[in-house]
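Computed from heavy atoms alone, side chains included, the values below leave out hydrogens, waters and symmetry copies. Chain A is the first sequence line, chain B the second, and so forth, proteins listed ahead of strands; every chain is numbered from 1.
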Number of protein chains: 2
Amino acid sequence: MLKFHEYRNPALAIDLVVFGYYEKVLSVLLLNRNEEPFKNGWTLPGAFLQMEERFSEACGRILKTKLGMEHLFLEQLYSFDEPGRDPRGRVISVTYFALVNPRNFGLAAGKMANDVSWHDIKKMPELGFDHKKIFKKALERLRSKILYFPVGFELLDEMFTMTELHELYECILDISIDRRNFRRKILDSEYIIDTGQKREGLQNRHPSLYKFNKKLKQHNFNLNVS
Amino acid sequence: MLKFHEYRNPALAIDLVVFGYYEKVLSVLLLNRNEEPFKNGWTLPGAFLQMEERFSEACGRILKTKLGMEHLFLEQLYSFDEPGRDPRGRVISVTYFALVNPRNFGLAAGKMANDVSWHDIKKMPELGFDHKKIFKKALERLRSKILYFPVGFELLDEMFTMTELHELYECILDISIDRRNFRRKILDSEYIIDTGQKREGLQNRHPSLYKFNKKLKQHNFNLNVS
DNA sequence: CTTACTTTGCGTCATATTAACGCAAACATG
DNA sequence: CATGTTTGCGTTAATATGACGCAAAGTAAG
């Protein structure tokens, strides 16, 4: 067997699937590459892991330097290992997915640096490397996770209306959910709190604003939608 | 930014959590190390990833050479990145969990090579590296997965009685489940098929033998136990 | 074979959850 | 003010769940 110091191994990259939700559209941040391979093609943002860096630090570095974002919800997704996935040589990719409210970063669709942009998940371009596969895995994870864990709040403002939350779920899951049943289930689950406040606006009264109940223990939620 | 060929990165290991079920006990395969670090301590079986090897190939290599096993159920678990997790230097570990019926390999408790043995998950020794953490993650995954996916069949013989399946679920989840309600749910889910056969034995009649329904589509199962 | 005990298969029933949808008050718009 | 939409709350039938009864089938021992 190989001794530790003799060991030579594949390169290790971190790639990110950053989801954003804005005006009823779920999007993913893509980078337009300015170098080979896949020059001028779209890929997920990523970087090689530094020698003493943790995965989460690498994620933070990518988010900050390439995208100008900080303190996002991050979760490890999967590690990809196909030998041909990077034409430059063997690269293992550990992937994470992130959720962000684009409004917190002034990054509404179309207003970003010219090599980074949001792409509606229903209108994705071709992606370089095996990033299509990674994206699919991330979307699948988001969809299954939101059914039992209140992960969607990361995509909304701190306070939101029931309608906004309902639209978010319909958009992410790509199904229609009965508004009244959704309301009942979400309220029963105690995942959100009625702040009693209203959004100040044009007229006198408005629908209630809710916020995420951070004190909630995890597994008492099961949005069993058809 | 670093050029691809200049890049130097952490070492990459694969570690396995191999679960086996035998005589109503759920166990994990551990290796007694014969070299530093953690000499004479227990660890999960693992190896460094070879340059052109896929994760699944490395898993197969570990299973075959260290444990004499082949063709197990394998699923990627998580990738671990703490800088101090290996005293020899920076090692990233991509982990998998495997399910095996020990009877298929003649590996009943205590009958293995002297440096490999099954350990009841309720009586685990101290583990080297961060392997305790990996083991916990694997057990958590197994427990949550078995509630919505028929993953337990990998641990039983091809044909099994309802009682055996029921005992397996109680053992893995470490709870008691009403026998009659379990039966109803499992049969309603169509996850198993009544083979019509009986186990040949001492007397004339025996309980039905069932087998896993391989044609089943995935997500129509929800064992909602209390 | 008979008796006593355990295991297995099937059924009942009260309660909880779900899906589908009604409706009126609050709200927006011209 | 008149009209259409949004929001909050409720009802109901169908289904799922948890707790448990019971008898036929199977086992063990005299």
Could you run down the sub-3.5 Å N/O contacts of the protein with nucleotides 20-22 of chain D?
| from | atom 1 | to | atom 2 | distance (Å) |
| --- | --- | --- | --- | --- |
| D:dC20 | N4 | B:R180 | NE | 3.4 |
| D:dG21 | N7 | B:R180 | NH1 | 2.8 |
| D:dG21 | O6 | B:R180 | NH1 | 3.1 |

To the nearest angstrom, how far is A:F182 atom CZ from D:dC9 atom P? 16 Å
What residues, two or more places apart in sequence or in another chain, satisfy salt bridge (charged side-chain N to carboxylate O under 4.0 Å, His left out) together with B:K24? B:E167
Positive for ring pair (Phe, Tyr, Trp, His ring centres under 6.0 Å) with B:F153, one of B:F160, B:F73, B:Y210, B:Y169: B:F160
Under the rule for side chain to side chain contact (heavy atoms under 4.5 Å, CB included), what residues qualify as partners of A:A58, not counting sequence neighbours? A:I14, A:L49, A:E53, A:R61
Round to the nearest Å and state the distance from A:H166 atom NE2 to D:dT6 atom P. 12 Å
B:D188: side chain to side chain contact (heavy atoms under 4.5 Å, CB included) partners, not counting sequence neighbours: B:R184
B:K185 side chain near D:dT17 phosphate (N/O to OP1/OP2, under 4.0 Å): yes
Would you kindly give the CG-to-C1' distance between A:L187 and D:dG10, to the nearest whole Å? 14 Å
Reckon B:T161 touches a base, only the sugar-phosphate, or nothing at all at heavy-atom distances under 4.0 Å? nothing
In whole angstroms, the gap separating P of D:dT6 from CG of A:L209 amounts to 18 Å
Atom CZ of A:R183 and atom C1' of D:dT6 are separated, to the nearest Å, by 11 Å
Separation of B:D194 atom CG from C:dG9 atom C1', in whole Å? 11 Å
Euclidean distance, atom CD1 of residue A:I192 to atom P of D:dT7 [Å, nearest integer]: 13 Å
Suppose we screen for side-chain hydrogen bond (donor to acceptor under 3.5 Å, both in side chains). Which residues come up paired with A:D194, at least two apart in sequence or across chains? A:S208
Can you tell me if A:T163 touches the phosphate of D:dT7, counting only side-chain N or O atoms and a distance under 4.0 Å to OP1 or OP2? yes
Using the test salt bridge (charged side-chain N to carboxylate O under 4.0 Å, His left out), find all partners of B:K64 that sit at least two apart in sequence or belong to another chain. B:E70
